[in-house]
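Report on the structure given below.
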Amino acid sequence: MAKTKNITITVYEIQSTEISIHNPDLCKDLHNVLNNTESIRERLMPLSKESENIDSDFIANFTLSNDFLFGCFARLKEGEESVVQKAVLDKKTVSLNEMISESKQNTEGSINKSCFFCIHNNLLALSNSQTMKKAFTTYINWIFEQKNMKLHYNFVPKKNTTTTISISEIKSIQLSEGFYNLPNDNSFTETKSKMININKDE
């Protein structure tokens, strides 16, 4: 029997620290910055100024659709178990699954942590927020600074005032980016899909 994994998604309210910005548009601003980069390598944020520590954070891929910005944020860690090919970082976007290689030749490092994000209006939805929220916040502000944009954002947890969700309100549920096929996880070898009518007992 295949193992199950819980996915926790935390919703944050997007706030700008700039007093003059009353309605921050992180969705548009971040997409513009990311879209103007030529490669993932250009978006690598080093975690230390020490030359012997070249671990870095980066946004691997991003997609803008109907004012929703989806993407994957990850940490590249240097080490013996290098599985990320150097050539992959020269691409503009790539999924985490595409970054993983069985070869250890000409590699850059390994994916240490990762999370998925979605930005819409003044809200941010983030997976693995307990371990990735601080790093994601630092990265977002760093990439704007690299482009000389005076934008600085904070993410404040959104309180859930709804105790129940009506089934009729759920239109669809979708998981993407091979979330379950994580590196070094061989417990998920098959993916199945099934469409059901959740408004009826079957």
Item to complete: Show your reasoning for whether side chain to side chain contact (heavy atoms under 4.5 Å, CB included) applies to I59 and L34.
Response: CA-CA 8 Å; I59 287 180; L34 296 174; 3.9 Å; yes
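- Residues F68 and C27 have side chains not in contact (no heavy-atom distance under 4.5 Å, counting atoms from C-beta outward).
- With contacts defined as side-chain heavy-atom distances shorter than 4.5 Å, the pair D55/N112 does not qualify.
- Looking at heavy atoms from C-beta onward, D57 lies out of side-chain contact with L44 at the 4.5 angstrom threshold.
- Taking the side chain as every heavy atom from C-beta outward, M45 and F58 never approach each other to under 4.5 Å.
- A donor-acceptor pair is defined here as one N or O able to donate and one able to accept, closer than 3.5 Å; no such pair exists between the side chain of T63 and the backbone of F70.
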Discussion item. Between Q146 and V33, does the side chain to side chain contact (heavy atoms under 4.5 Å, CB included) criterion hold? Intermediate values first, please.
Written reply: CA-CA 10 Å; Q146 297 306 299; V33 167; over 6 Å; no
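- Clustering ILVMFWY residues whenever any of their side-chain heavy atoms sit less than 4.5 angstrom apart, transitively, puts V94 in the very cluster that holds L76.
- The main-chain N or O of K28 is found under 3.5 Å from a side-chain atom of D25 such that the two form a donor-acceptor pair.
- Between I119 and L123, the closest side-chain pair of non-hydrogen atoms is not below 4.5 Å.
- Here the CZ atom belonging to F73 is positioned 13.0 Å from the CG atom belonging to N61, to the nearest 0.5 angstrom.
- Y153 and M149 fall within a single hydrophobic cluster, where Ile, Leu, Val, Met, Phe, Trp and Tyr are joined by side-chain heavy atoms under 4.5 Å apart, directly or via other members.
- Grouping the Ile, Leu, Val, Met, Phe, Trp and Tyr side chains by contacts below 4.5 angstrom, directly or via other members, places L64 with L126.
- Looking only at side-chain heavy atoms (C-beta outward), I14 and H120 stay at 4.5 Å or farther from each other.
- With values rounded to the nearest 0.5 angstrom, S114 atom OG is found 6.5 Å from M132 atom CE.
- Taking both residues in full, the closest heavy atoms of W142 and R43 are given as CZ3-O, 3.7 Å, listed atom of the first, atom of the second, then distance.
- Side-chain contact between N154 and Y12 is absent, with no heavy atoms from C-beta onward closer than 4.5 Å.
- No donor-acceptor pair under 3.5 Å is formed between the side chain of T10 and the backbone N or O of S129.
- With respect to K91 and E42, no salt bridge is recorded, no charged nitrogen being found less than 4.0 Å from a carboxylate O.
- Between atom CG of residue L96 and atom SG of residue C72 there is a gap of 3.5 Å, rounded to the nearest 0.5 Å.
- Taking Q15 as the reference, E13, V156 meet the side-chain contact (heavy atoms from CB on, under 4.5 Å) condition, with sequence neighbours excluded.
- Taking all atoms of both residues into account, the shortest heavy-atom contact from K92 to I40 is O-CG1, 3.6 Å.
- Nearest heavy-atom pair, V84 versus S110, reported as atom, atom and distance to 0.1 Å: CG2-CA, 4.1 Å.
- In this structure, F144 and I140 approach most closely via the heavy-atom pair CD1-O, 3.2 Å.
- Listed here is the closest heavy atom pair of L124 and F136: CD2-CE2, 3.8 Å.
- Under a cut-off of 6.0 angstrom, the local environment of CG in D67 is sparse, with at most 12 non-hydrogen atoms contributed by other residues, nucleotides or ligands.
- Side chains of N32 and N35 form no contact here, defined as non-hydrogen atoms less than 4.5 Å apart.
- Considering only residues two or more places apart in sequence or on other chains, D29 meets the salt bridge (charged side-chain N to carboxylate O under 4.0 Å, His left out) condition with none of them.
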Worksheet item: Under the side chain to side chain contact (heavy atoms under 4.5 Å, CB included) criterion, do L30 and F62 qualify, and how do the steps go?
Response: CA-CA 10 Å; L30 182 57; F62 55 92; over 6 Å; no
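- With rounding to the nearest 0.5 angstrom, the CD atom of E145 is 12.0 Å from the NZ atom of K150.
- Counted within 6.0 Å of NZ on K134, heavy atoms from surrounding residues, nucleotides or ligands total 12 or fewer; the atom is thus considered open.
- The shortest heavy-atom contact between E98 and V88 is O-CG2, 4.3 Å.
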